[in-house]
Amino acid sequence: MTTGRTSAAPRPTAGALRLIEASTTRPTTVDLSDYARQMTAHCPYLAPSLRAGLTTWTVYRAAGDAEAVQAELFHAGVQAAEWLRPLLNRPHGLLRCENIVLLGEVPGSRHRDLLAWPHWVLKNLYGPVGVMFGKFYAGQEEVTAAGHRIPAAPASFLPVRAAVRLRDPRFLRATPDLAAALAAAADDGRDVFEHIPTEWTEIRTWARHLLPPAKPSPCSLDRSASSPTRSS
C-alpha cells in the first residue's frame, strides 16, 4: 500500500482523534444499521455492498482542539483512500466503502466545521485517481437534487469509496474543475502528495486556492472564509 509522504511527515496532532472501533461492518458504539438500510433507497450500490459485507465503519472520538482534529481527520482519510486504491480494480471493488465516523465534541466547533476542510482537501487529492469522498453531519436531513429527503445521519462521517465516473460528477456542479477531474479519473499509481506539502496547515493553504470564486452574498464577501462548506 502506498501512503504518500504523509507517513513520514511529523504529526504533532497525533492523538487528537482516538480510535474507538477499527474498521468493522457492525460498529457497536453508534447504531448505524437502520440508517444504512434507509440509505439504500438513495444509493444503488449500497444494498449489494451491505449484503457482501463491503461497507465498513471506523469510529473515532475527538480528543483535541479543532485544528488538530481536522488534521487527524485528514490523515484518517488518507489512510482509508490508500487502503482502498489497490482494491478498487479487484472483484467487487466498486462496492467497497469505508466510512470515517466522528464522535465527541470540540468546544466552539461544529462537526460541519471539523469535517469541511479535510473533506475538501481529500476530494481534490483523490478525485483524479478515482476515489470519492462524501460528508454527512449528525442529525441533519439532506435533500437530493431531485427533491427527495435523505434521512438524518445518527453520526457525522466521511464516506470513502470508488468514484462512479458517469454519476458522481453531477454531485460536483458547484466545482466544475473537480467534476471534470473525477469524470476523467484513472489511477496510475501516482503519489498524490508528490507536488504538495506534507504539513496540514500548508496542505490546507494549498487547497484554499482550489476553492471556486465565492458568490457575493449579503452575509459574506470574503473568499478566504474559514470553511469550504459552501463549495463542497
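In this text the structure is predicted, and so the values were computed from the model without any measurement.
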inquiry  = Quick one, Pro118 and Phe133 - any side-chain contact, counting heavy atoms below 4.5 Å?
reply    = no
inquiry  = List the residues meeting side-chain hydrogen bond (donor to acceptor under 3.5 Å, both in side chains) with Asp31, not counting sequence neighbours, and say none if there are none.
reply    = Ser33
ask   = So, does His119 use its side chain to make a donor-acceptor pair with the main chain of Leu158 at under 3.5 Å?
value = no
key: Test item: Ile203 and Phe74 side chains (from C-beta on) under 4.5 Å apart, heavy atoms   = yes
For Gln140, all residues meeting side chain to side chain contact (heavy atoms under 4.5 Å, CB included), sequence neighbours excluded = Arg112, Tyr137, Glu142
key: Sub-4.5 Å side-chain heavy-atom contact between Leu125 and Trp206   = yes
key: side chain to side chain contact (heavy atoms under 4.5 Å, CB included) involving Pro48 - partner list, sequence neighbours excluded   = Arg51, Leu95
note = The complete set of salt bridge (Lys or Arg N to Asp or Glu O under 4.0 Å) pairs with one or both residues in residues 57-67, sequence neighbours excluded, reads Glu67-Arg204
request  = Check the pair Val192 / Tyr126 against side chain to side chain contact (heavy atoms under 4.5 Å, CB included), numbers first and verdict last.
outcome  = CA-CA 7 Å; Val192 299; Tyr126 284 98; 3.7 Å; yes
query = Would you say the side chain of Leu17 lies within less than 4.5 Å of the side chain of Leu19, judging by non-hydrogen atoms?
reply = no
message = I want to check something: taking the side chain as every heavy atom from C-beta on, are Leu102 and His111 in contact at a cut-off of under 4.5 Å?
response = yes
ask   = Does Arg26 offer a backbone N or O that forms a donor-acceptor pair with the side chain of Thr24 under 3.5 Å?
value = yes
key: Counterpart residues, side chain to side chain contact (heavy atoms under 4.5 Å, CB included), relative to Thr205 (two or more places apart)   = His209
note = Sorted by chain and number, sequence neighbours left out, side chain to side chain contact (heavy atoms under 4.5 Å, CB included) with Ala138 holds for Ser156
message = According to salt bridge (Lys or Arg N to Asp or Glu O under 4.0 Å), does anything in residues 68-80 pair up with another residue at least two apart or in another chain? List the pairs.
response = Arg11-Glu72
task = Please list, chain by chain and in numerical order, all residues satisfying ring-ring contact (aromatic ring centres under 6.0 Å, His included) with Phe136, sequence neighbours excluded.
result = Phe157
key: Side chain proximity check, Gln38 to Ile150, heavy atoms < 4.5 angstrom   = no
message = Do Thr25 and Thr55 have side chains that approach each other closer than 4.5 Å (heavy atoms only, starting at C-beta)?
response = no
remark   = To the nearest 0.5 Å, atom CD of Glu105 lies from atom CG of Leu114 at 8.5 Å
query = Once you round to the nearest 0.5 Å, how far does NZ of Lys135 lie from CD1 of Ile100?
reply = 13.5 Å
inquiry  = Quick test of your reading: applying side chain to side chain donor-acceptor pair (under 3.5 Å), list the pairs with at least one residue in residues 14-23, sequence neighbours left out, ordered by first then second residue.
reply    = Glu21-Thr28, Glu21-Thr29, Ser23-Thr56, Ser23-Glu98
message = Could you work out, with side-chain hydrogen bond (donor to acceptor under 3.5 Å, both in side chains) as the rule, every residue matching Arg37, not counting sequence neighbours?
response = Asp34
request  = Take Trp200 and Val121 through the side chain to side chain contact (heavy atoms under 4.5 Å, CB included) test and state the conclusion after the steps.
outcome  = CA-CA 10 Å; Trp200 168 244; Val121 176; 4.0 Å; yes
message = Assigning hydrophobic clusters by single linkage (Ile, Leu, Val, Met, Phe, Trp, Tyr; side-chain heavy-atom cutoff under 4.5 Å), is Leu94 placed with Leu87?
response = no
query = So does Tyr35 have more than 12 non-hydrogen atoms from other groups sitting under 6.0 Å from OH?
reply = yes
request  = State whether the side chain of His75 and the backbone N or O of Thr13 hold a donor-acceptor pair below 3.5 Å, judged by distance alone.
outcome  = no
Please table the atom pairs, donor to acceptor, closer than 3.5 Å between any side-chain atom in residues 179-187 and protein atoms at least two apart or in another chain.
residue	atom	partner	partner atom	Å
Asp187	OD1	Arg85	NH2	2.7
Asp187	OD1	Gly189	N	2.9
Asp187	OD2	Arg85	NE	2.9

request  = Please round to the nearest 0.5 Å and tell me the distance separating atom NE2 of His195 and atom CZ of Arg190.
outcome  = 9.5 Å
task = Could you check if a side-chain atom of Asn124 sits within less than 4.5 angstrom of a side-chain atom of Leu210, using non-hydrogen atoms only?
result = yes
